Amino acid sequence: MRKLILLFCSIPAFTAALLAQTDVDALRYATPDVQGTARNMALGNTMGTIGADITSISSNPAGIAKYSSTEFVLTPAISIAKSSSSFLGNTTKDSKVKFQLTNFGIAISKNNKSNAKWNGIKFGFALNRLANFNSNYYFTGYNDKNSLLNAYYEKLNDRNIITDSTTAASKYPFDASIAYQLGLITIDSLGNTYTATNNGNMQQEFHIQKSGGINEMALGVGSMYNNKLMLGASVGIPIVNYTERIRLEEKDVRDSAYDLNSFINETYLKTRGVGFNLKVGIIGMPIDGLRLSLAVQTPGILFMRDAYNTHMEANYQSASVVYTGDSPDGASKYKYVQPWKVTMGAGYIHKYGLLAIEYELSDAGSSKFKFDAADGNSSAYENYINNQIRQKYGLFHTIKAGVEFKYDPIRIRGGIQYRTSPFKSNYAPSGINTAILTYSAGIGYRGKHFFADVAYVQTNSKEMYVPYQLNTAAWNPVPAATLSTKNPLVVLSIGYKL
């Protein structure tokens with residue numbers, strides 16, 4: 001029986017701890033990329049090899065050993081996420097503009113006497129942007145193969161789990177059970193299960209909104225020996241802020257479904273987290289002008305907290321009102337282990353400018369979840385999802401290059417970054433390249449005390465979005481959307497040297 005307003009008030013409290021993490025969530029936090037100052041971004045994120053840039057505290061902390069004076073820097077930015085989505089033969093576009101702070105930092109230099117082998121202890125504090133999740137996607141198309149309700153059908157049609165109307169209405173409080181109480185899924189007296197959409201033939205319309213990012217507070221220390229060797233170490237404290245809203249509306253535009261006009265499924269996820277990692281680095285200067293760098297980041301651990309819920313609506317021809325249903329407020333706590341990272345680089349500094357290249361190696365397959373609950377279900381799901389991560393993801397490589405031309409007090413810069421796909425070949429999405437290309441350019445002014453830099457950075461990426469999974473062969477394949485993003489970023493750094 002359909003009910004006007006549905007709240008799962010009587011569901012036991014354990015449902016609030018249901019696990020919602022997937023391998024997609026793991027990948028989101030496994031591939032951060034330091035942004036930092038405008039100079040660093042304009043140079044393709046290679047200042048970890050050159051040094052004397054506060055961004056290096058989050059990439060190669062040996063770079064802070066090059067500071068000869070105390071320095072303050074602030075870097076605001078404007079991000080413009082332009083998206084293009086291809087779904088069932090249709091292409092649509094959307095965009096999102098967001099103000100953000102990519103860097104704030106202080107370097108404190110305490111120099112030793114001129115005849116000392118070590119140049120003194122250098123301290124650094126920075127807040128650096130590591131990831132930007134802000135994006136909007138909209139796409140629509142006519143799906144004559146299946147519906148979201150088919151995924152709910154498969155859950156409610158399992159007679160080992162769903163034994164009566166009570167279990168159908170309560171076993172899956174965040175998706176299928178809401179659909180059952182709204183009449184979108186029905187089970188007759190003989191145990192036969194039906195969907196209100198008649199297994200597809202619906203116009204599907206998706207709205208996806210993502211916001212937030214990862215910022216890292218980093219504390220570092222470094223020193224230089226005999227003007228030939230820079231050493232440094234830092235503690236990173238990444239702070240995760242991610243919000244996701246996905247709205248799917250299915251409409252019966254060709255009168256294929258009996259009585260149903262449309263239904264809406266809206267999911268909400270908010271993730272907050274904080275963690276820590278360690279970085280150590282070295283920069284050697286064997287000859288004048290040449291710099292060789294090596295940095296290692298340990299696997300980091302994030303302490304995460306999720307909040308999530310689902311809202312559904314059903315619009316029937318025979319009803320004068322729209323029926324609505326809501327899940328309980330879900331919550332979960334867990335740990336996430338970020339992968340290790342190794343970075344090597346080479347740079348050359350000349351009186352007319354500099355050139356730098358870096359190579360970065362990491363392994364997305366080494367990331368994993370750790371759930372706090374000690375019950376058997378949590379342990380089984382932890383093993384399952386971590387196996388999925390190991391199977392799907394592997395090593396990925398990042399190549400960076402930057403060049404700067406110097407004509408005092410002006411600097412002209414350019415850079416490029418290319419990151420390979422983190423997917424193993426057998427699991428890579430077909431038909432799209434999930435590598436990420438970033439190119440940049442900038443200009444700067446270097447005075448005796450004051451300095452300012454401007455950079456333009458654009459990142460191009462693609463991903464595949466599959467809205468639900470189906471096991472029944474007759475209903476497959478589930479249509480996938482190709483989401484393409486061009487993310488221009490305009491960055492300004494203002495700094496002062498004491």
Side-chain angles (χ1 to χ4, degrees), residues 34 36-73 75 103-126 128 218-234 236 279-296 343-358 400 402-404 406 408-409 411 413 415 444 446-451 453 493 495-498:
V34 180
T37 65
R39 186 186 187 196
N40 178 69
M41 283 187 276
L43 285 167
N45 196 9
T46 58
M47 287 303 294
T49 293
I50 299 302
D53 187 284
I54 199 62
T55 304
S56 66
I57 201 172
S58 290
S59 55
N60 184 348
I64 64 175
K66 190 61 178 175
Y67 277 104
S68 58
S69 61
T70 296
E71 181 177 300
F72 303 85
V73 63
T75 308
N103 162 264
F104 168 74
I106 303 172
I108 300 174
S109 176
K110 292 186 177 181
N111 297 317
N112 282 344
K113 296 178 181 180
S114 59
N115 60 350
K117 290 290 186 179
W118 293 92
N119 73 335
I121 301 297
K122 319 292 179 173
F123 299 95
F125 167 79
N128 289 318
L219 300 169
V221 60
S223 188
M224 182 166 57
Y225 178 75
N226 205 27
N227 211 33
K228 291 291 185 180
L229 189 66
M230 290 184 272
L231 301 173
S234 65
K279 305 178 187 71
V280 293
I282 182 172
I283 301 175
M285 297 171 286
I287 60 174
D288 289 345
L290 179 64
R291 294 185 182 174
L292 304 175
S293 68
L294 174 65
V296 177
T343 306
M344 296 173 284
Y348 186 75
I349 300 175
H350 191 270
K351 64 178 180 178
Y352 296 118
L354 64 87
L355 173 68
I357 57 172
E358 286 188 0
K400 313 172 188 179
V403 61
E404 178 180 273
K406 176 182 178 182
D408 278 336
R411 309 289 192 271
R413 308 178 180 110
R446 277 343 216 208
K448 183 178 180 180
H449 296 288
F450 174 79
F451 62 91
D453 301 295
S493 287
Y496 188 81
K497 298 179 181 181
L498 297 182

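Along the sequence shown, residues carry numbers from 1. Scope of the values below: all heavy atoms of this structure, side chains included, with no hydrogens, waters or symmetry mates. For clarity, every value in this text was computed on a predicted model and none was experimentally measured.
- The minimum heavy-atom distance linking L355 with V403 is given by the pair CD1-CB, 4.2 Å.
- With sequence neighbours left out, the ring pair (Phe, Tyr, Trp, His ring centres under 6.0 Å) criterion links Y348 to no other residue.
- For the residue pair S493 and D453, no side-chain donor N or O sits within less than 3.5 Å of a side-chain acceptor on the partner.
- When all heavy atoms of A126 and I57 are compared, the closest pair comes out as CB-CG2, 3.5 Å.
- Taking both residues in full, the closest heavy atoms of I54 and Y67 are given as N-OH, 2.8 Å, listed atom of the first, atom of the second, then distance.
- At distances below 3.5 Å, not a single donor-acceptor pair connects side-chain atoms of S223 with backbone N or O atoms of A65.
- Shown here are the side chain to side chain donor-acceptor pair (under 3.5 Å) partners of S234, two or more places apart in sequence or in another chain: there are none.
- Residues satisfying the ring pair (Phe, Tyr, Trp, His ring centres under 6.0 Å) criterion with F450, sequence neighbours excluded, are absent altogether.
- To the nearest 0.5 Å, atoms CZ (R446) and CZ (F451) are separated by 5.0 Å.
- Partners of T46 under the side chain to side chain contact (heavy atoms under 4.5 Å, CB included) rule, at least two apart in sequence or in another chain, are L43, A356, E358, K400.
- A 6.0 Å sphere centred on NZ of K110 holds no more than 12 heavy atoms belonging to other residues, nucleotides or ligands.
- By the side chain to side chain contact (heavy atoms under 4.5 Å, CB included) test, N227 is found to be paired with K66, M224, residues two or more places apart in sequence or in another chain being considered.
- Here D53 pairs with T37, T55 under the side chain to side chain donor-acceptor pair (under 3.5 Å) rule; sequence neighbours left out.
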Report, one line per pair, each donor and acceptor closer than 3.5 Å where one atom sits in a side chain of residues 285-296; sequence neighbours left out.
residue: R291; atom: NH1; partner: I50; partner atom: O; Å: 2.2
residue: S293; atom: OG; partner: T49; partner atom: OG1; Å: 2.7
residue: S293; atom: OG; partner: G345; partner atom: N; Å: 3.1

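- Rounding to the nearest 0.5 Å gives a distance of 9.0 Å between OG of S69 and NE2 of H449.
- Here K122 pairs with S109, N111 under the side chain to side chain donor-acceptor pair (under 3.5 Å) rule; sequence neighbours left out.
- Here CD of E404 is found 4.5 Å from CZ of R413. Values are rounded to the nearest 0.5 Å.
- With sequence neighbours left out, N60 forms a side chain to side chain donor-acceptor pair (under 3.5 Å) with no residue at all.
- Shown here are the side chain to side chain contact (heavy atoms under 4.5 Å, CB included) partners of F125, two or more places apart in sequence or in another chain: F104, M217, L219.
- For T70, the side chain to side chain contact (heavy atoms under 4.5 Å, CB included) test picks out F72, I108, L498, with sequence neighbours left out.
- To the nearest 0.5 Å, atoms CH2 (W118) and CG (L231) are separated by 5.0 Å.
- Nearest heavy-atom pair across V280 and A233 is CG1-CB, 4.0 Å.
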